[in-house]
Amino acid sequence: MGNKIRLGIIYGGKTSEHEVSLLTALSIMKAVDQNKYEVQPIYVQMDGSWLKGGPIAGQLPENVNALRLGGGITLGLDDDKQEEQAQTAHVSNQSLAGKPANVMSIHQDVDVIFPVIHGPNGEDGTVQGLLELAGIPYVGTGVMASAVGMDKLMMKNVFAQAGLDQVKYVGFLRSQIERDSDSVMDQIEQMLGYPCFVKPANMGSSVGITKAKDRDGLRGALELACKFDRRIIIEEFIKAREVEIGVLGNEELLTSVIGEVIAAKEFYDYEAKYKGGGTDLIIPAELPQHVADRIADMAKTAFQALDGSGLSRVDFFYDEENDRVVINEVNTMPGFTPFSMYPMLFAEAGIPYVELIDRLVQLGLERYEEKQRNIVAAEELE
Ligand SMILES: Nc1ncnc2c1ncn2[C@@H]1O[C@H](COP(=O)(O)OP(=O)(O)O)[C@@H](O)[C@H]1O
Ligand SMILES: [Mg+2]
């Protein structure tokens, strides 16, 4: 008593991944050692306003069972457990308690915050910036790495600089596409050909992403992507296995085992991720040792190139035929229920969920301390 770490969990958010975040928050609350932590839930509603205290609240999705498995991954949990989870979801759904809050009113209530918001307005450095400004220690990636990691174009530019192998890509502004789509499409055809992947630079969960197979498809794909962002990235298609690895640490880095995602659909799209639909997860992935080593190396390089901290899940394509490992993206706030890829990869590596949370909180506090060493003004040198 008294010495408990007051752990704030900021969850929800103004994002398409709102519901996943509720489950993550719920999972963390249920998992942490109550003797060690006093959890303070902070709910960011869809309209952007904050509520503090009260149970984890909000509109949970109908298909909560599929969702809680971190992307429709079926693990064959028994029905009782699924029922229990659905009940919990239902109960907390009814009690949207909590007081209106803002970042300053939260300051005195917490020692450290675990922001578990995914996607834009959460994983992109905005929440992190608010916490920096308020001087509150927090778990996970800092402002710059969050922002760069959220923007697929910027991220790929940084990877290129770090010498990481990746697919060919090109970026356009929405205004360029709207002004002269034919010339944009000519350039894409010349550089990349078909099929190609069209993505809004700043989204997640495969929202707004299309595989374009011809010029008509490309036109539609660009139109769709332009609804979501003003920066658009187009990538060459790669036929490859999709493998993912976890990175944990600030400066000294630990990598997890590697997992493989096998989507039944044409690609790992939003439906496959969150609505179930036969996505298989294989942990550990079956890979030759030299490939596994290369993936771990590249993951660390990517993490450092962004100046990551705390955690990241790094996603790769493995083209077996050409024995080529290509980096796809870094997720600086990956799905984080006990049944999401990142925690499962570390559980397999010997770090169970509860311990993973402990370590992340510790890393967040350490990073904060490290930053306190910086002097603010040159006069302090005297
Ligand atoms: N260049 C590509 N070649 C082949 N498949 C791709 C390519 N880019 C994306 N995909 C498929 O689309 C999915 C989502 O793309 P991704 O860039 O990972 O976006 P998100 O940030 O939404 O996860 C990937 O998991 C993969 O299945
Ligand atoms: Mg992805």
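Just so you know, ligand 1 is whichever comes first in the structure, and atom 1 is the first atom listed for that ligand. Side chains included, hydrogens not; waters and symmetry mates left out as well; all remaining heavy atoms used.
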Intermediate values then yes/no, salt bridge (Lys or Arg N to Asp or Glu O under 4.0 Å), K156 and E235: CA-CA 11 Å; K156 283 194 154 54; E235 297 173 14; 3.3 Å; yes
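- Checking only distances, E235 does come within under 3.5 Å of ligand 1, N or O to N or O.
- Looking at N328 against ligand 1, only its side chain comes within 4.0 Å, counting heavy atoms.
- Heavy atoms of K239 stay at 4.0 angstrom or farther from ligand 1.
- The pair K4-D33 does not count as a salt bridge, with every side-chain nitrogen at least 4.0 angstrom from each carboxylate oxygen.
- Under a 3.5 Å cut-off, the side chain of Q34 and the backbone N or O of M29 do form a donor-acceptor pair.
- In terms of modelled atom types and a separation under 3.5 Å, the side chain of S105 and the main chain of A101 share no donor-acceptor contact.
- Distances from the Mg ion (ligand 2) to the N/O/S atoms of E329 are shortest for OE2.
- At a 4.0 Å cut-off, not a single heavy atom of K211 sits close enough to ligand 1 to count as contact.
- Here is the list of ligand 1 atoms found below 4.0 Å of a heavy atom in F237: 3 (N), 4 (C).
- Relative to the six-membered ring of Y138, R367 meets both conditions, a distance below 6.0 Å and an angle of at most 45° to the axis.
- In this structure, H118 contributes its side chain and M333 its backbone to a donor-acceptor pair below 3.5 Å.
- At least one heavy atom of F317 sits under 4.0 Å from some atom of ligand 1.
- Applying the 4.0 Å criterion to heavy atoms of K199 picks out, from ligand 1, the atoms 8 (N), 9 (C), 15 (O), 16 (P), 17 (O).
- The shell of residues lying under 4.0 angstrom from ligand 1, judged by heavy atoms, excludes D315.
- In this comparison of I234, N331, V330, I209, the heavy atom closest to atom 15 (O) of ligand 1 sits on I209.
- One option in K152, E244, E242 has a heavy atom closer to atom 25 (O) of ligand 1 than any other, and that option is E242.
- If you look at F336 and Y353, their ring centroids are closer than 6.0 Å.
- Under 4.0 Å is where a charged nitrogen must lie from a carboxylate oxygen, and between E223 and K227 no such pair does.
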